[in-house]
Asker: 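This structure is in structure tokens; I'll ask about it shortly.
Not measured: the values here are computed from a predicted model. Per chain, numbering begins at 1; letters A, B, ... match sequence-line order.
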Amino acid sequence: MTQEIRLRFAPSPTGYFHVGGARTALYNWLIAKQQGGSFILRIDDTDEQRNRQEWTDGIISALAWLEIDFDEGPYFQSRRKDRYFQKARELYEKGLAYYCNCTRDEIDERAKLRGGPPGYDGFCRDRALTPEPGFALRFKVPPGETVVNDVVRGTVTFANSTIEDFVLLKGNGAALYVLANFVDDVDLNISHVIRAEEHLPTTPKAVLLYEALGVDSPIFAHLPVLVNEKRVKLSKRRDRVAVEDFRDQGFLPEAMVNYLALLGWSPGDDVEFLDREEMIELFDLTKVSKSPAFFDVVKMKHFNKHYIASLTLDDFVNRCLRFLEANSWWSGDGIQTANFRAIAPYVQERIALLSEVVEMVDFLFVDPAQLSLEAYILSEADLEALSRFLVKVEAEEDFARDVLEGHFRSLGEELGLVLRKLQAPIRLSLTGRKVGPPLFVAMEILGKERSLDRIRNAIATGH
RNA sequence: GGCCCCAUCGUCUAGAGGCCCAGGACAUCACCCUCUCAAGGUGGAGACACGGGUUCGAAUCCCGUUGGGGCUGCCA
């Protein structure tokens, strides 16, 4: 009989959704799509102390933004407590688990006396304690060794003597991660468990549970962790890793997904840009790298620039709107969409983040004199050039980019100035910035009246 | 400390014994193009951690060393 393909992403809602989680979700999703299976979202909220509804909502909306859709769920572990208890009970009744009333202090104390490694020593194994409030249920780890077959890492063998009798049920009767995970994966008929490498050390415990209850293990794949510039695991506390933040900075979801796909996997053939279909077709767990990967925002920006440049104009304009509207300083009559649209193609090929659109086009909606963006004083020569440019364009009826550029070039010849020098004061007076979209496009869109006003104002004030 | 994982340019990686005095991408440097910026073009610098094996031949296989990481909770 052929096993159904079912994968799950099981984050615990204890903070902002971070990029490592996004990559894990993506890899699971890719395999599900590729194999015609199901992708399931499960919220691992067994630790009620640390969970909050908003984190769960954040995960769901971030996944939606990345277009990583799930076929089932979300399931919540917090709603399945009875089921975990039931399984735990079964283990207990079969003599595969036992109750324990040791406190942490007692365990540590004995470990210290023993002089060996810290950890539980099986003190209550043969005490035949009966269930009682406050007593934890521990799994009786059998002798021998436990093998984890991992698609990424191959065969990993653990001596059972190094695995302590781990806790299944807390003293308050609540299930712990290993148990809850195991029960859910079995109940949901999960075929592949793809998760971060930090879970590898607990995997033999899960395998022991599968073996104890005579259930087939799923296929395991442990992905290399994502690290920061200091090469330590990305942490929500230390590092800026929230998917929401990247969205707000103006990363495109398609760029982020593409970049994330390549952190730990490569299709070979020197290919880097891949759309969804190509990823689904080419993705291969056996080719996932084993070593940690540095999450490099700079490279992700390069991907973003590429994806921004390949957007259709309509799409680009639409995606920019929310960044433009976020700026209160030009609320009121707001953004003249037609003006923005006219300059958008020139902005589109220049920015790497959507949020950068603001500094590229603000001059269209606000007078540069109000902004005083760049500290710059016009020199005598600048003022002279501006005045002469003003004279030329004042007389011009046809305020078109090519015409304006013609005047600009002839002025350059008259003054014997290189054009890169000559453009600077004009750009400053018109836009208040040193860099921006092509000058004469900007000027055409601003129109004759506003352009001349700005140049005159610059001449009058000297900046 | 114990257990486990990992090791190719600064970074992400290609490389499954000869195609590799190691290829691509980002970043970086130089030059060209250019009204700024960006893009584009050309070129440069830049890596198989180390030591032993195995083999006619090793980045690729084995062992060790070193280095890094993960886990070590009645967290997930």
Side-chain angles (χ1 to χ4, degrees), chain A residues 10-14 44-47 49-51 77 100 102-104 107 116-120 134-138 148 150 152-154 156-159 161-164 166-178 180-181 195-204 222 224-225 227 229-233 259 262-273 286-287 289-296 298-303 305 309 346-352 360 404-405 408-409 412 418-424 426-428 431 433-442:
Chain A
S12 62
T14 55
D44 279 12
D45 54 352
T46 51
D47 184 357
Q49 259 44 275
R50 300 201 303 162
N51 299 316
Q77 292 196 324
C100 165
C102 297
T103 64
R104 187 73 234 172
I107 293 168
Y120 186 65
F135 287 13
L137 183 68
R138 288 183 181 271
V148 175
D150 189 286
V152 175
R153 279 150 219 288
V156 185
T157 305
F158 297 80
S161 57
T162 65
I163 305 171
E164 66 176 30
F166 53 95
V167 174
L168 260 14
L169 244 33
K170 302 187 205 179
N172 64 10
L176 239 34
Y177 165 77
V178 177
N181 239 268
R195 73 233 297 195
E197 191 195 344
E198 64 214 59
H199 295 278
L200 187 54
T202 65
T203 307
H222 288 92
V225 294
V227 298
E229 64 289 336
K230 287 152 92 175
R231 302 235 124 236
V232 303
K233 187 174 75 159
Y259 176 68
L262 262 25
L263 267 190
W265 170 71
S266 161
D269 296 328
D270 297 336
V271 173
E272 291 210 309
F273 293 119
T286 66
K287 291 181 75 178
S289 121
K290 298 179 182 69
S291 40
F294 170 60
F295 180 75
D296 186 359
V298 174
K299 183 149 187 181
M300 186 162 76
K301 261 175 101 166
H302 171 258
F303 275 73
K305 195 169 202 318
Y346 302 93
V347 175
Q348 187 177 359
E349 60 190 22
R350 283 174 168 72
I351 61 176
M360 293 294 276
L404 295 166
E405 185 172 344
F408 169 71
R409 287 183 183 282
V418 291
L419 300 178
R420 52 176 296 123
K421 288 274 187 192
L422 185 57
Q423 63 88 36
I426 302 175
R427 181 181 300 281
L428 253 321
T431 71
R433 292 191 184 270
K434 291 175 182 167
V435 303
L439 199 44
F440 307 105
V441 173

Asker: Could you work out the separation of rA49(B) and rU13(B) based on their P atoms and round it to a whole Å?
Answerer: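 To the nearest whole Å, 15 Å.
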Asker: Please report, rounded to the nearest Å, how far the C1' atom of rG1(B) is from the CD atom of E164(A).
Answerer: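 Spelled out: CD on E164(A) to C1' on rG1(B) is 15 Å.
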Asker: Mind checking the C1' distance from rC61(B) to rG23(B)? Whole angstroms is fine.
Answerer: 23 Å
Asker: What's Y177(A) touching, base or sugar-phosphate or nothing? Going by heavy atoms closer than 4.0 Å.
Answerer: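 It contacts base atoms.
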Asker: Side chain of P438(A): nearest nucleotide among rA39(B), rC35(B), rC12(B)?
Answerer: rC35(B)
Asker: Could you tell me how far apart R420(A) (CZ) and rC32(B) (C1') are, to the nearest whole angstrom?
Answerer: 14 Å
Asker: Which is more 5' along RNA chain B, the nucleotide nearest I351(A) or the one nearest G134(A)? Just name the residue.
Answerer: I351(A)
Asker: I want to confirm an ordering. Mapping E197(A) and L263(A) to their closest nucleotides on RNA chain B, which one lands closer to the 5' end?
Answerer: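 Here E197(A) is the residue nearer the 5' end.
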Asker: Are Y120(A) and F166(A) close enough that their ring centers fall under 6.0 Å?
Answerer: no
Asker: Say we look at rA58(B) and rG53(B): how far apart would their P atoms be, to the nearest angstrom?
Answerer: 12 Å
Asker: Any donor-acceptor pair under 3.5 Å linking the side-chain atoms of Q77(A) with those of D44(A)?
Answerer: yes
Asker: State, with a plain yes or no, whether a side-chain heavy atom of S266(A) is found less than 4.5 Å away from one of K287(A).
Answerer: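 When only atoms from C-beta onward are counted, K287(A) and S266(A) do not touch, as no gap falls below 4.5 Å.
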Asker: Report yes if at least one side-chain N or O of K287(A) is closer than 4.0 Å to OP1 or OP2 of rU13(B); otherwise report no.
Answerer: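 No, because none of the side-chain N or O atoms of K287(A) sits under 4.0 Å from OP1 or OP2 of rU13(B).
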Asker: Select base, sugar-phosphate, or nothing to describe what T202(A) touches, counting heavy atoms under 4.0 Å on all strands.
Answerer: base
Asker: Can you figure out which of rC74(B), rU11(B), rA76(B) approaches the side chain of S12(A) most closely?
Answerer: rA76(B)
Asker: Just to be sure I understand the rule, does P204(A) reach a base, reach only the sugar-phosphate, or reach nothing, if contact means heavy atoms closer than 4.0 Å?
Answerer: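 No contact at all - P204(A) keeps every heavy atom at 4.0 Å or more from the nucleic acid.
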Asker: Using a cut-off of 4.0 Å on non-hydrogen atoms, how would the nucleic acid contact of V418(A) be classed: base, sugar-phosphate, or nothing?
Answerer: nothing
Asker: NA contact type, K301(A), heavy-atom cut-off 4.0 Å: base, sugar-phosphate, or nothing?
Answerer: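 The answer is nothing, as K301(A) stays clear of every strand by at least 4.0 Å.
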Asker: Between rA27(B) and rA39(B), how far is it from one P atom to the other, in whole Å?
Answerer: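 The same atom, P, in both gives a distance of 8 Å.
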Asker: Among rG23(B), rU34(B), rC74(B), which nucleotide has an atom closest to any side-chain atom of K170(A)?
Answerer: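 When the side chain of K170(A) is considered, rC74(B) is the closest of rG23(B), rU34(B), rC74(B).
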Asker: Heavy-atom count check: over 12 atoms from other residues, nucleotides or ligands less than 6.0 Å from D269(A) CG?
Answerer: no
Asker: Would you measure the distance from the C1' atom in rG10(B) across to the matching atom in rC4(B) and give it in whole Å?
Answerer: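 Here rG10(B) and rC4(B) have their C1' atoms 29 Å from each other.
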Asker: Say we look at rU11(B) and rG52(B): how far apart would their C1' atoms be, to the nearest angstrom?
Answerer: 31 Å
Asker: Once you apply a heavy-atom cut-off of 4.0 Å, does T103(A) come out as touching a base, just sugar-phosphate, or nothing?
Answerer: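 If one applies the 4.0 Å heavy-atom cut-off, T103(A) turns out to touch nothing in the nucleic acid.
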Asker: For a quick test of reading the model: is some side-chain N or O of R104(A) closer than 4.0 Å to OP1 or OP2 of rC74(B)?
Answerer: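 Checking R104(A) against rC74(B): at least one side-chain N or O falls below 4.0 Å of OP1 or OP2.
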Asker: Should H199(A) be counted as stacked on rA76(B), where stacking needs a ring-centre gap under 5.5 Å and an angle between planes under 30 degrees?
Answerer: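 Yes, the aromatic ring of H199(A) stacks with the base.
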Asker: Would you mind reporting whether F295(A) and M300(A) have side-chain heavy atoms less than 4.5 Å apart?
Answerer: yes
Asker: Can you tell me how far C1' of rU36(B) sits from CZ of F408(A), to the nearest Å?
Answerer: 9 Å
Asker: Tell me: NZ of K421(A) to C1' of rU34(B), nearest whole Å?
Answerer: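 Atom NZ in K421(A) sits about 16 Å away from atom C1' in rU34(B).
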Asker: Which whole number of Å gives the distance between the C1' atom of rC32(B) and that of rA25(B)?
Answerer: 23 Å
Asker: Without decimals, in angstroms, what is the distance between E272(A) CD and rC12(B) P?
Answerer: 13 Å
Asker: Describe the nucleic acid contact of F158(A) in one word from base, sugar-phosphate, nothing, applying a heavy-atom distance below 4.0 Å.
Answerer: sugar-phosphate
Asker: Does a side-chain N or O from S289(A) land closer than 4.0 Å to OP1 or OP2 of rU13(B), or not?
Answerer: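 Yes, S289(A) has a side-chain N/O under 4.0 Å of OP1/OP2 on rU13(B).
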Asker: Let me know the distance between CZ of F295(A) and C1' of rC26(B), rounded to the nearest Å.
Answerer: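 Distance, rounded to whole Å: 14 Å.
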Asker: Nearest to the side chain of V435(A), which nucleotide is it out of rU36(B), rG69(B), rA76(B)?
Answerer: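 Looking only at side-chain atoms, V435(A) lies closest to rU36(B).
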Asker: Give me the distance, rounded to whole Å, that separates rA14(B) from rG51(B) when you measure between the C1' atoms they each carry.
Answerer: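 About 27 Å, rounded to a whole number of Å.
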Asker: Can you identify which nucleotide, out of rU13(B), rC35(B), rG69(B), has its nearest atom closest to the V232(A) side chain?
Answerer: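 Of the candidates, rG69(B) comes closest.
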Asker: Do P224(A) and R153(A) come close enough that some side-chain heavy atom pair is under 4.5 Å?
Answerer: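 With C-beta onward as the side chain, the pair touches.
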Asker: Considering every strand and a 4.0 Å limit on heavy-atom distances, what is the contact class for A136(A): base, sugar-phosphate, or nothing?
Answerer: base
Asker: For rC12(B) and R231(A) - does any side-chain N or O of the residue sit under 4.0 Å from the phosphate oxygens OP1/OP2?
Answerer: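 Checking R231(A) against rC12(B): at least one side-chain N or O falls below 4.0 Å of OP1 or OP2.
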Asker: Considering only side-chain heavy atoms of R138(A), which listed nucleotide, rG24(B), rA14(B), rC74(B), is closest?
Answerer: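 Between rG24(B), rA14(B), rC74(B), the one nearest the side chain of R138(A) would be rC74(B).
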Asker: S289(A) and V152(A): which non-hydrogen atoms are nearest, and at how many Å?
Answerer: O-CG1, 4.0 Å
Asker: Please classify the nucleic acid contact of P11(A) as base, sugar-phosphate, or nothing, using heavy-atom distances under 4.0 Å.
Answerer: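 P11(A): no heavy atom of the nucleic acid under 4.0 Å.
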Asker: Taking the side chain of P118(A) as heavy atoms from C-beta outward, which of rC35(B), rG23(B), rG1(B) is closest to it?
Answerer: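 The listed nucleotide nearest to P118(A)'s side chain is rG1(B).
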Asker: Between E272(A) and L262(A), is any pair of side-chain heavy atoms under 4.5 Å apart?
Answerer: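 A side-chain contact under 4.5 Å exists here.
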Asker: Considering all heavy atoms of both residues, which atom of V178(A) and which atom of T202(A) are nearest to each other, and what is their separation?
Answerer: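 Looking at all heavy atoms of both residues, the closest pair is CG2-CB, 4.5 Å.
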Asker: To the nearest Å, give me how far apart CZ (R427(A)) and P (rC37(B)) are.
Answerer: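 It works out to 9 Å between those atoms.
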Asker: With a 4.0 Å cut-off on heavy atoms, is G119(A) in touch with a base, just the backbone sugar-phosphate, or nothing at all?
Answerer: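 Result for G119(A) = nothing.
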Asker: Does any N or O donor sit under 3.5 Å from an N or O acceptor when you compare the side chain of R350(A) with the base of rC37(B)?
Answerer: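 Flag set: donor-acceptor pair detected.
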Asker: Atom NZ of K299(A) to atom P of rU11(B): distance rounded to whole Å?
Answerer: 13 Å
Asker: Think T162(A) has a side-chain N or O under 4.0 angstrom from the OP1 or OP2 of rG2(B)?
Answerer: no
Asker: Looking at rC6(B), rA14(B), rA38(B), which one has an atom nearest to any side-chain atom of E349(A)?
Answerer: rA38(B)
Asker: Could you tell me whether L439(A) contacts a base, only the sugar-phosphate backbone, or nothing, with contacts defined as non-hydrogen atoms closer than 4.0 Å?
Answerer: base
Asker: Below 4.0 angstrom from OP1 or OP2 of rC71(B), is there any side-chain N or O of K233(A)?
Answerer: yes
